[in-house]
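Quick notes on the structure that follows.
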Amino acid sequence: MMLVSATEMINKAHEGHYAIGAFNINNLEWTKAILAAAEEVKSPVMLGVSEGAAKYMCGFKTVVAMVKEIHDYMGITVPVAIHLDHGTYEGAKAAIEAGFTSVMFDGSHYDFEENLAKSKEMIELAHSKGLSIECEVGGIGGEEDGVVSAGELADPQECKTIAELGVDFLAAGIGNIHGKYPENWAGLSFDRLAEIQASTNGKPLVLHGGSGIPREQVKKAIDLGVSKVNVNTECQLVFAEATRKYIEAGKDQQGKGYDPRKLLKPGADAITELVKEMMTNFFGSAGKAE
């Protein structure tokens, strides 16, 4: 199966009240680990790529080529979308040109009229290429690639206006935060989520900052219309923990334990286990690709 647009998998998730995990990739190991998990539990998956991660991996074209080759080499049979995460106006255009199958245009830092105009342009461009597109209304809390937001609650009327442009799925701030959640975090606003879902006539919604939100809150959000959950920090944390244990146990000094293929394996395995567990027990997407 080739890489696909995310529209069909997201719409099916919305109808079935489960969610598709959008797991950010940072290198070859992360790509392999996430694809292995999706294939094992037969779940559709989105591979998220931030502009910073794409730069680290030597550009959008390199990322697309790497994902395609790994996907084919591993014999992946589940639906896979390669998705630009928090794309700028120019970044989204570049990702489309490079062969991404799904993009997010994040115009939330513009005033609403400019966000609306640019979102309309990007939706038309993406759809002309057969790609799925996500837009954002209301900033997501925390920091992502240097973009900082206080995590305001999105305006339901603004969400309605963007939804009516034909966006495939919508990221709307409901109190969620990128990175680790502070102890005084107020939690998700389910009232605002319900208002947004009503105003957009049931448009599939996206929950950014999925790492660290109490699982019962995420499951409730999925019941209320969230159909895509972004995960990055949690994968980073389990990768770092497993790598730390390997080195602290002195395994890098045993035989050829310093070989990067051995050194990075515990972290990659930890990501695979986390992704499988999330798909199976958290998002409800396991088995949905069969």
Side-chain angles (χ1 to χ4, degrees), residues 1-13 19-85 87 91-104 126-134 168 228 230-232 235 239 259-280 283 285-290:
M1 178 180 286
M2 294 296 290
L3 300 176
V4 299
S5 154
T7 303
E8 184 178 355
M9 66 173 80
I10 293 292
N11 286 341
K12 285 182 176 179
I20 302 298
F23 299 90
N24 283 53
I25 60 172
N26 295 285
N27 56 24
L28 179 144
E29 279 78 17
W30 287 57
T31 305
K32 285 172 59 180
I34 294 164
L35 288 177
E39 183 67 25
E40 184 173 338
V41 302
K42 300 300 179 190
S43 170
V45 69
M46 296 177 71
L47 302 178
V49 183
S50 69
E51 290 191 26
K55 184 177 181 181
Y56 174 77
M57 291 184 277
C58 301
F60 290 132
K61 290 182 180 179
T62 302
V63 174
V64 171
M66 178 187 73
V67 170
K68 283 183 175 178
E69 292 300 327
I70 292 172
H71 172 280
D72 293 350
Y73 183 84
M74 294 178 69
I76 301 300
T77 63
V78 300
V80 179
I82 179 168
H83 176 78
L84 177 65
D85 189 25
K93 287 185 174 181
I96 290 171
E97 182 68 25
F100 275 58
T101 62
S102 184
V103 293
M104 175 188 184
H127 285 171
S128 74
K129 305 285 188 180
L131 313 183
S132 54
I133 182 164
E134 169 186 351
D168 297 301
K228 170 178 176 272
N230 287 28
V231 179
N232 187 22
C235 288
F239 182 88
D259 183 326
R261 290 170 291 182
K262 295 182 179 179
L263 182 65
L264 299 176
K265 188 176 187 301
D269 288 346
I271 290 174
T272 297
E273 291 307 310
L274 173 67
V275 172
K276 282 164 46 180
E277 193 272 330
M278 284 187 153
M279 289 172 164
T280 303
F283 301 154
S285 63
K288 301 302 184 183
E290 293 180 322

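All heavy atoms count here, side chains included; hydrogens, waters and symmetry mates do not. It should be emphasised that the depicted structure is a prediction, and the values quoted were computed from it without experimental measurement.
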Closest approach of [X] and [Y], non-hydrogen atoms and distance?
X      : Y      : result
Lys276 : Val41  : CG-CG1, 3.9 Å
Ile20  : Pro44  : CD1-CB, 3.9 Å
Cys235 : Val275 : SG-CG2, 4.3 Å
Met46  : Ser102 : CE-OG, 4.0 Å
Ala53  : Ile25  : CB-O, 3.8 Å
Ile82  : Gly99  : CG2-O, 4.4 Å

Looking at side-chain heavy atoms only, is the closest gap between [X] and [Y] below 4.5 Å?
X      : Y      : result
Thr31  : His71  : no
Glu134 : Ile10  : no
Met279 : Val45  : yes
Phe283 : Val231 : yes
Leu84  : Met104 : no
Asn232 : Trp30  : yes
Leu47  : Leu35  : yes
Val4   : Met9   : yes

Tell me whether [X] at atom [atom1] has more than 12 heavy atoms from other residues, nucleotides or ligands lying less than 6.0 Å away.
X     : atom1 : value
Lys12 : NZ    : no
Lys32 : NZ    : no
Glu8  : CD    : no

Roughly how far, to the nearest 0.5 Å, is [atom2] of [Y] from [atom1] of [X]?
X      : Y      : atom1 : atom2 : value
Ser132 : Lys228 : OG    : NZ    : 9.0 Å
His127 : Ser5   : NE2   : OG    : 7.5 Å
Thr272 : Phe239 : OG1   : CZ    : 11.0 Å
Asn24  : Ser50  : CG    : OG    : 6.0 Å
Glu29  : Ile34  : CD    : CD1   : 11.5 Å
His83  : Asn230 : NE2   : CG    : 6.5 Å

- Task: Give a yes or no on whether the backbone of Glu39 and the side-chain of Ser43 come within a donor-acceptor separation of less than 3.5 Å.
- Result: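 The answer is no, because no donor-acceptor pair under 3.5 Å joins these two groups.
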Under 3.5 Å, which donor-acceptor pairs link side chains of residues 259-269 to any protein atom two or more places apart or in another chain?
residue : atom : partner : partner atom : Å
Asp259  : OD1  : Arg261  : N            : 2.8
Asp259  : OD1  : Arg261  : NE           : 3.3
Asp259  : OD2  : Arg261  : NE           : 3.4
Asp259  : OD2  : Arg261  : NH2          : 2.9
Lys265  : NZ   : Asp269  : OD2          : 2.7

- Item | Phe100 and Phe60 aromatic ring geometry - parallel, tilted or perpendicular at 30°/60° bounds |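 Geometry flag for Phe100 against Phe60: perpendicular rings.
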- Salt-bridge present (Glu51, Lys55; N to O < 4.0 Å):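 Result for this pair is no, no salt bridge flagged.
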- Task: Let me see the working for Val103 and Lys93 under side-chain contact (heavy atoms from CB on, under 4.5 Å), right down to the final yes or no.
- Result: CA-CA 9 Å; Val103 293; Lys93 287 185 174 181; over 6 Å; no
